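Quick notes on the structure that follows.
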Amino acid sequence: MTDLLKDLEAKWRQRWAEQGTYRFDRTKAREQIYSIDTPPPTVSGSLHPGHMCSYTHTDLIARFQRMRGKEVFYPMGWDDNGLNTERRVQLMLGIACDPSLPYDPDFVPPRTPPDPPLRVSRPNFVACCQQITEMLEQSYFDLWSNLGLSVDWSQSYTTIGDLSRRTSQAGFIDLHERGLAYRTESPTLWDVDFRTAVAQAELQDRKLPGAFSRLRFRRAAGGEPIHIETTRPELLAACVALVAHPDDARYQEIFGSDALTPLFDVRVPIVAHRLADPEKGSGIAMICTFGDTTDITWWRELGLELRGIVEKDGTLTRTPPQGIESARGLAAFGELAGKGLTQARRRSLELLRESGELEGEPKPIEHQVKFWENGARPLEIVINRQWFIRYPEKEVLLELGRQLRWWPEFMRVRYENWVNGLLGDWNITRQRFFGVPFPVWYPIANDGTVLHDQPILADRDALPVDPSASHPPGYTAGQRNVPGGFTADPDVMDTWATSSLSPYIASHWIDDADLHQRVFPMDLRPQAHEIIRTWLFYTIVRSHYASGRLPWSNAAISGFVTDPDRKKLSKSAGNAADDPPHLIAEFGADAVRYWAAGGRPGQDVIFDRNQLRVGRRLATKILNFSKFVLGLPAPAAPAKPSLALDQSMLAGLRGVVAEATAAFENYDYTKALETIEPFFWNLCDNYLELVKVRAYEGDGSAIASLRFALSTALRLFAPFLPFVTEEVWSWWQEGSVHRAAWPSAAELDGLLEPAVGAGILDTAAAVLGAIRKAKTQARLPLRAELPQVTVTGDQGHLNALEEARRDLMSAGNVKSLLLKEGGGLAIDIGAEVTA
RNA sequence: AGGCCCGUAGCUCAGUUGGUUAGAGCGCUACGUUGACAUCGUAGAGGUCAGCGGUUCAAGUCCGCUCGGGCCUACCA
């Protein structure tokens, strides 16, 4: 960073904090407020340029709205709750959670992370997570602060903090009371490594090599065998039916009859369903409980038997499922029981080969398999008891999506795609530790059975509760886990179940109704497109239930930051010199923000150091221009922009103000900047050069115009370049530029003669440019004196030039300027000086 | 498989409702300034606006198809 800019940023960061420049004034009424549902960043990740980009976009909007006179509610949250943090802590400290262990009050994490990880109790593990997240949050705070985000830091929350836990648990209790949250035992997407349930929104397809095995099923009533192809022969024991399309001519005869499974001799019905694809394999498939999500649909809609064989740790059950009765079936299952899925697959194929029920050899293929986005192995589907939140009708969700203003508009399609593809309700249960616990206990009957269908919910006044540490109303602590007593719900909520309440957490819905009604529903949800199906969608669902309306009126969707190959930037792709603290140190926060401002809503942004250089140059130019203008002789008290050229410059500025304002109102800060920046360079290169001599001489019109243009330009640039504009503002103005009024066309109207347009400056600049060009081509210094210049132009041009005559002559160092009527606009600098 | 976005100078991108000769910044080259400028100015080279077809007096812009890139959703027995 240049010396000019270096000290500026630290100085202003400190002053803004001291003076509370961005502090939210909660005495304002709702219509005076602009409130933002800031995305709480996942603090367990690593910092890269993408973070700076999207958060700058939000800050641009916040600063614009603040200058327009809105009181901006701009909180910051930290998303520290959840599995990402657990994994980071496990890695950093070498500890893992074992909920069966008792709390150790003297526990200190090992100095160096042991391998395998040390097992610690849940309360100890949670305490370590809290310590680590505090540390990580500090590094995010430093980044946001260095970047100049105008966040009100007194409005901060963490998704694991008391406020979030209270809000989240209260929200859950509300939904439970209204029958919108329910617990049921059902097929659950399951990650066998992390041993937790996963929601539909967290699925990810990955290409994986696999193989089609062709299996022979006998008909129960005899006759031609049926061949099916499967990629999952290890699930054969879980087969509950064969299915083909109802219109498939090949299978009309056998619908309704039974088949016998290979190896296990289980009698399964042959059924018809529209989701069976006649084109695929032999057109008939085996339905297992459960191989994939289509199996769940078939199982539900066709009312099939349940024959689950996959355990939560990814092994096959030790006892055979119901239905396997033949001696060879039991023997075959005995070969597979307790094996991991890969082993079971290998052994299944061996057994099928031996029995002759495998036709040919498996054909290798590559296919898409569903993974959890954080997972390492394909998801399995197990039967489990889980809490769900019921979704509203699809049409209701779609209508809410239509009411929301999307920036850009086309992002709505992603929301609609997602809503239209929803399968079942939202599973909010996670079998993890560092999360918001369900505020729920279950009674234990005197015979020791847990009464899962009679949950005891916590009292609202007691929130937040940890049911593993406190006891339900009407019980004593000593009754935990004993017959006649109670047991805690062991699970925590999906992190989205809490972050989907971010507008409620940030607005203190739970404990400050006054604040809540001043800022909710919010004006803006800024976020990335990749989490439309999670954060945005879930927040709409929760707000629909909690408030019966949209949580915000606008959603501004930012793109990715990519490297020049259009690949999304990731930790591995970048190098150390490109990490955010280095970039800010090297180019300055204003320059980083300038680069970020080039990314329109919804558009991917290419990481480009060159743009950082351009931004830094602009910041320097603003400093230099300002120094020059403010160093001119102070104007006589009532000086006003009276000369036509000055008026003309201000008329152009009026247009810039109008255009930039309109662009900002449409969340197009990029266009606003693209409007302001060329005006400013024109101001420096042409207007200032034209009036320089006049200004040196103390001409009031020129100086007043320059000062007015400077004041306006600083305010227009302020959202983009908050540090350098604030510095210059402080040289000659009271208060912060960031609380100054956004420029308005009306402000300029007071100074402008109605008839003057931007044309005089444009024409004069064109002639000045032509004079420079002629000098350059004549190999003359730009300051060379020209005895005579002749300009030919139409009457309009000549009138304009007449107004600017004196300035043109001084700027071009022209002794005599002749204006002649003629076509076009031509300049002759005179033959005698071209030598 | 359906859908969305994109394709304009070496690079990053503008190009409003169709309307002169398609622009900017950066980079490159040359020259000049360096008396507001950790610089600045002027000029030059560089474009079949991805391709093909259509509508129109007129298409980078509107329509259709094709190709290429990115993404969303679904399917994946």
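Just so you know, these numbers come straight off a predicted model, no measurement behind them. Convention: sequence-line order gives letters A, B, ...; per-chain numbering from 1.
In this structure, the nucleotide among B/C76, B/U12, B/G25 sitting nearest to the side chain of A/Ile606 is B/U12. For A/Tyr696, the side-chain atoms get nearest to B/A36 when compared with the rest of B/A36, B/G3, B/C76. Here the nucleotide nearest the side chain of A/Gln368, chosen from B/G2, B/C76, B/G25, is B/C76. Of the candidates B/G41, B/C26, B/A38, B/G41 carries the atom nearest the A/Asp685 side chain, counting heavy atoms from C-beta on. For A/Asn417, taking side-chain heavy atoms from C-beta onward, the closest of the listed nucleotides B/C71, B/A38, B/U73 is B/U73. Looking at the side chain of A/Arg414, the nearest of the listed nucleotides B/A38, B/C71, B/G25 is B/C71.
Contact check on A/Glu301 versus A/Arg274 returns a salt bridge, with a Lys/Arg side-chain nitrogen under 4.0 Å from an Asp/Glu carboxylate oxygen. Salt-bridge annotation for A/Asp807 and A/Arg694: present, with a side-chain N of the basic residue lying under 4.0 Å from a carboxylate O of the acidic one. The pair A/Glu689-A/Lys692 counts as a salt bridge, with a side-chain nitrogen and a carboxylate oxygen less than 4.0 angstrom apart. A salt bridge between A/Arg232 and A/Glu380 is present, with a side-chain N of the basic residue lying under 4.0 Å from a carboxylate O of the acidic one.
Using cut-offs of 30° and 60° on the angle between ring planes, the pair A/Tyr391 and A/Trp426 is parallel.
Among the protein residues, A/Arg533 comes within range of the sugar-phosphate backbone only, with heavy atoms under 4.0 Å from sugar or phosphate atoms but none that close to a base. In this structure, A/Lys671 reaches neither bases nor backbone, as no heavy-atom distance under 4.0 Å exists between it and the strands shown.
The distance between the ring centers of A/Tyr594 and A/Phe720 does not fall below 6.0 angstrom.
Comparing B/A24 with B/A45, their P atoms are spaced 13 Å from each other, to the whole Å.
Residue A/Phe410 is the one, among A/Lys621 and A/Phe410, whose nearest nucleotide of RNA chain B lies closer to the 5' end (criterion: closest heavy atom).
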* Asked: Which dot-bracket string fits RNA chain B when only Watson-Crick or G-U wobble pairs with both atom distances under 3.5 Å count, crossing pairs get [ ], and | stands for a partner on a different strand?
  -> (((((((..((((.....[...)))).(((((.......))))).....(((((..]....))))))))))))....
